[in-house]
Visitor: 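Please read through the structure below; I'll follow up with questions.
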Amino acid sequence: MTEPDTSRLERLSGMLKRRGILLPAFEIHGGAKGLYDFGPVGGRLRNKVNQTWLNHWLSLGNIVEISCPTVTPYAVLEASGHVGEFSDFMTICTTCDEASRADTLLESHHSNPDALTKSELQSLLDQSNPPCPSCQEPEWSPITAQNLMFNTTIGAGASGRPGFLRPETAQGMFTSFPALYRHNRERLPFGAIQVGKGYRNEISPRQGMIRLREFNMAELEYFINPHEEPSHDFTPWDGHNITLLADNEGEVEMSFKHAVENNVIRHATVGYFMAKTFDFLTKVGIDSQRIRFRQHESDEMAHYATDCWDAEIHGSYGWVECVGIAHRGCYDLESHEKATGKSLRARREFSEPEILEIDGWTTEGSKAGPAFRALAGAVKEAVEQLSSSSTFPLELTLANGEKVTVEQEHVKRDQRTETVTGEWYIPHVVEPAFGIDRIIWHILDHAYDESGKDGETYTTMHLSANVAPVDYCIFPLFEKDGMGKLAQTIHTTMCSKPNIVSMYDGSGSIGRRYARADEIGVPKCITVDHQSLEDGTVTIRDRDSGEQHRVAIDSL
RNA sequence: GCGGAUAUGGUGUAGUGGUAACAUAGGAGGUUUCCAACCUCUUGUCGCGGGUUCGACUCCCGCUAUCCGCACCA
């Protein structure tokens with residue numbers, strides 16, 4: 001970072017703190033790393049970004065909004081792979097209290113202890129009793145998961161279950177797939193969205209809003225049928241080239257459509273969401289010239305993903321990944337299905353039903369059951385593999401190696417025609433995941449303009465009206481002759497309108513008040529002057545142009 | 001986690017082993033017919049905890065936080 005950048009960053013951070021946009025949390029107690037407050041102005045900004053995000057996706061028409069708990073049982077995140085991926089398993093020496101990583105202790109007892117589950121590690125630890133690296137004693141406490149997730153206990157005492165604060169919102173959307181599928185009348189594709197808090201106990205939070213321990217995230221899980229060719233309309237982005245850092249191609253400029261057609265972006269739905277993501281970012285005020293997409297290299301890709309692109313935004317900290325758009329395949333639903341035994345599938349009908357001619361043998365339950373007892377199931381399985389020309393009695397070797405003799409009376413011919421009209425499959429998921437805090441940071445970074453007027457230092461936040469925390473400032477030119485009173489009335493009227501925030505300011509010169517409003521990016525300032533008292537009109541001043549025009553109070 | 005730097009009103013800075021200053025911002029009033037004007041009054045500061053000392057914002061130690069490298073990192 002160059003010197004002017006650093007000082008600009010310091011002035012920006014100072015302003016954000018002074019004006020109540022972004023502040024270190026719990027500061028009177030000394031603060032806490034990686035935790036920030038959105039202040040009286042920032043809170044509203046965050047809310048408007050979230051709302052804009054929700055509306056952006058809901059407008060697709062097949063998206064529903066849900067909200068899941070942040071407190072998540074251990075089993076959920078074990079199934080998702082987070083316990084394994086995010087965890088170090090710790091154990092404590094009962095003699096010297098030194099904590100060690102269980103997998104490191106067991107390196108000489110197993111070829112790849114990193115891949116073991118918690119219980120496997122525990123039993124291996126119990127068997128091998130490795131010496132403590134600091135005191136050589138081999139007595140260890142039970143293994144606990146120690147990782148980037150904040151762990152907690154759900155419930156008290158003996159009935160308490162281990163759990164975590166979620167590291168992402170996604171898992172709740174996967175675990176509620178059956179309800180989502182039903183709600184969508186069992187038709188794909190559809191999506192679920194959620195905005196909320198996520199938690200990661202980062203080793204070393206840095207760079208202000210860029211790496212937090214508690215952060216705002218917004219995720220879309222879009223469930224698709226992998227057997228269907230996705231069709232997306234890319235015409236809205238025709239002729240618009242975007243910077244892509246592709247795994248194989250390097251840095252290229254091309255349209256989304258072109259990138260999808262030429263397999264630079266490997267899946268059309270991923271490409272479509274990249275385009276929609278681009279639209280969202282510009283909608284909330286990110287400079288379109290400072291957005292690029294970077295494809296994950298194969299070895300960088302998370303354990304589940306088959307193609308993944310980050311939207312990166314350039315700002316005071318360089319290029320920062322702010323959105324991840326991943327094709328996760330069927331990984332997530334499959335994992336939860338395996339862990340729970342519950343079906344997380346969707347039904348598809350074949351275009352042509354498959355006709356299966358079955359001609360073979362099956363068991364006669366009333367005879368084979370009593371004859372083979374516990375083996376009856378295995379016998380049935382074996383008999384159904386036999387060709388129709390088999391003759392009985394017949395000696396059969398079962399799957400478990402046992403030999404049985406099957407008599408004619410144990411079996412019957414099975415001749416029928418079966419029509420299979422479709423199948424149950426695990427949907428694939430394309431997931432755009434947004435780091436809201438990082439996006440808000442870049443909105444502020446891009447909007448912050450201290451170029452000023454006539455060479456003077458003058459700060460303006462060129463925030464998009466979509467996200468500006470305060471919609472209007474109402475000023476009386478002077479607080480006398482009834483101008484203050486009229487301005488107050490207008491202020492209360494404006495505030496009573498839904499989704500409008502107005503601020504009243506009557507102190508200081510009019511220029512100073514415009515400056516205060518510009519600094520936090522208020523798009524429009526309304527001034528009550530002498531003429532207002534006579535004809536019921538006010539002036540509206542535009543933040544970016546400084547131009548004023550006069551309108552009737554009633555038309556506001 | 002390792003190494004380096006830093007911590008003084010809301011913000012930005014000065015300064016000292018003997019109770020802290022400047023600018024700016026904020027509040028009240030005055031003045032002013034639209035872009036940080038002016039005048040008067042006023043609010044508010046040495047990150048936290050130990051130690052040394054008659055006395056610590058200042059010196060020492062620890063902690064916390066911030067910034068910069070390194071490591072780690074959906």
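Only a predicted model underlies this, so the values are computations on that prediction, with no experimental measurement involved. Order of the sequence lines sets the chain letters (A, B, ...), proteins ahead of strands, with each chain counted from 1.
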Visitor: When you measure from the side chain of R541(A), which nucleotide among rC68(B), rC35(B), rU11(B) comes out closest?
Guide: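 Nearest listed nucleotide: rC35(B).
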Visitor: Can R292(A) and D310(A) be counted as an ion pair, charged N to O under 4.0 angstrom?
Guide: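 So R292(A) does not pair with D310(A) through a salt bridge.
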Visitor: With the side chain of K33(A) defined as its heavy atoms from C-beta on, choose the nearest nucleotide among rC34(B), rU11(B), rA65(B).
Guide: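 The listed nucleotide nearest to K33(A)'s side chain is rA65(B).
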Visitor: So what does the secondary structure string of RNA chain B come out as, 5' to 3', with Watson-Crick or wobble pairs under 3.5 angstrom, [ ] for crossing and | for pairs with another strand?
Guide: (((((((..((((....[..)))).(((((.......)))))....(((((..]....))))))))))))....
Visitor: To the side chain of T459(A), which of rA36(B), rC34(B), rU33(B) is closest?
Guide: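 Within the option list, the nearest is rA36(B).
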Visitor: Once you round it to whole Å, what is the distance between P of rA74(B) and CE of M149(A)?
Guide: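 Value for this atom pair: 13 Å.
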Visitor: Looking at T539(A), I'd like to know whether one of its side-chain N or O atoms comes within less than 4.0 Å of OP1 or OP2 on rC34(B).
Guide: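 Negative; the distance criterion is not met.
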Visitor: Taking only the side-chain heavy atoms of Y514(A) (C-beta and beyond), determine which of rC35(B), rC72(B), rC68(B) contains the nearest atom.
Guide: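 The nucleotide sitting nearest to the side chain is rC35(B).
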Visitor: Indicate, with a heavy-atom threshold strictly under 4.0 Å, whether G208(A) touches base, sugar-phosphate, or nothing.
Guide: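 Sugar-phosphate, no base atom in range.
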Visitor: Nearest-Å distance, CZ (F26(A)) to P (rU66(B))?
Guide: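 To the nearest whole Å, that distance equals 13 Å.
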Visitor: I need the CG-P distance between L12(A) and rG12(B), as an integer number of Å.
Guide: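 Interatomic distance, CG of L12(A) to P of rG12(B): 12 Å.
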Visitor: Does C322(A) or E27(A) map to a spot on RNA chain B nearer the 5' end, using the closest nucleotide for each?
Guide: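 Going by which nucleotide is closer to the 5' end, it is E27(A).
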Visitor: Run the salt-bridge test on D542(A) and K524(A) with the 4.0 Å N-O cut-off and return the result as yes or no.
Guide: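 Counted as a salt bridge, because a side-chain N and a carboxylate O are separated by less than 4.0 Å.
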Visitor: Please measure how far the P atom in rG9(B) lies from the corresponding atom in rG47(B), and state the result in whole Å.
Guide: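 Going atom to atom, P in each nucleotide, I get 7 Å.
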Visitor: Between N201(A) (CG) and rA74(B) (P), how many Å, whole number?
Guide: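 Going from CG in N201(A) over to P in rA74(B) covers 15 Å.
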Visitor: What distance do R200(A) atom CZ and E168(A) atom CD have between them, rounded to the nearest 0.5 Å?
Guide: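 So the CZ of R200(A) and the CD of E168(A) are separated by 6.5 Å.
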Visitor: Measure up the Y317(A) and W441(A) rings against each other and bin them: parallel (under 30°), tilted (30 to 60°), perpendicular (over 60°).
Guide: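 Judged by the thresholds at 30° and 60°, the geometry between Y317(A) and W441(A) is tilted.
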Visitor: Just how far, in rounded Å, is P of rC73(B) from CG of L212(A)?
Guide: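 Value for this atom pair: 19 Å.
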Visitor: Using the ring of F273(A) (Phe, Tyr or Trp, six-membered ring only), decide whether K276(A) places NZ or CZ under 6.0 Å from its centre and within 45 degrees of its axis.
Guide: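 Geometry flag: not set, cation outside 6.0 Å or 45°.
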Visitor: I'd like to compare against my own output: the B/S/- annotation of nucleotides 22-31 of chain B with a strict under-4.0 Å heavy-atom distance to protein.
Guide: ---SSS----
Visitor: Would you classify G30(A) as touching base, sugar-phosphate or nothing, given that sugar-phosphate means primed atoms plus P, OP1 and OP2, and contacts are heavy atoms under 4.0 Å?
Guide: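 Contact class for G30(A): sugar-phosphate only.
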Visitor: Using the C1' atom as the point on both nucleotides, what is the distance between rG12(B) and rC60(B), in whole Å?
Guide: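 About 30 Å, rounded to a whole number of Å.
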Visitor: Less than 4.0 Å between a side-chain N and a carboxylate O, is that true for D247(A) and R266(A)?
Guide: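 Result for this pair is yes, salt bridge flagged.
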Visitor: Once you round it to whole Å, what is the distance between C1' of rA36(B) and CZ of R513(A)?
Guide: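 Rounding to the nearest Å, CZ of R513(A) and C1' of rA36(B) are 12 Å apart.
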Visitor: In whole Å, what separates the P atom of rG4(B) from that of rG62(B)?
Guide: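 The same atom, P, in both gives a distance of 12 Å.
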Visitor: Distance between the C1' atoms of rU43(B) and rG10(B), in whole angstroms?
Guide: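 Each nucleotide's C1' atom is 11 Å from the other's.
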Visitor: Taking only the C1' atom of each, what is the distance from rU40(B) to rU11(B) in whole angstrom?
Guide: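 That atom pair is separated by 24 Å.
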Visitor: Rounding to a whole Å, what distance do you find between L477(A):CG and rA37(B):C1'?
Guide: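 These atoms are roughly 14 Å apart.
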Visitor: Could you check R438(A) against H530(A) and say which one's nearest nucleotide on RNA chain B is further toward the 5' end?
Guide: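 Comparing both residues, the 5'-ward one is H530(A).
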Visitor: Check K17(A) with E27(A), please: is the shortest side-chain N to carboxylate O separation under 4.0 Å?
Guide: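 Answer for the salt bridge query: yes.
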Visitor: Using a 3.5 Å distance criterion without hydrogens, assess whether the side chain of S532(A) forms a donor-acceptor pair with backbone atoms of T537(A).
Guide: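 Side chain of S532(A) to backbone of T537(A): a pair is present.
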Visitor: Rounding to a whole Å, what distance do you find between M209(A):CE and rC67(B):C1'?
Guide: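 Taking atom C1' of rC67(B) as the reference, CE of M209(A) is at 17 Å.
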Visitor: Using atom C1' in both nucleotides, what's the gap between rA21(B) and rC68(B) to the nearest angstrom?
Guide: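 These two C1' atoms come out 30 Å apart once rounded.
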Visitor: May I ask you to decide whether R541(A) forms a salt bridge with E547(A), counting only side-chain N to carboxylate O separations under 4.0 Å?
Guide: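 No, R541(A) and E547(A) are not salt-bridged.
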Visitor: Cation over ring, R294(A) on W319(A), under 6.0 Å and within 45°?
Guide: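 Here R294(A) fails the 6.0 Å and 45° test against W319(A).
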Visitor: Fit a plane to each ring of F434(A) and F280(A), take the angle between them on a 0 to 90° scale, and name the class: parallel (under 30°), tilted (30 to 60°) or perpendicular (over 60°).
Guide: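 Perpendicular.
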Visitor: When rounded to the nearest Å, what value does the distance between C1' atoms of rG29(B) and rA65(B) take?
Guide: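 Approximately 41 Å lies between the C1' atom of rG29(B) and that of rA65(B).
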Visitor: If I pick the C1' atom on rC57(B) and the same atom on rG17(B), what distance separates them, to the nearest angstrom?
Guide: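 To the nearest whole Å, 10 Å.
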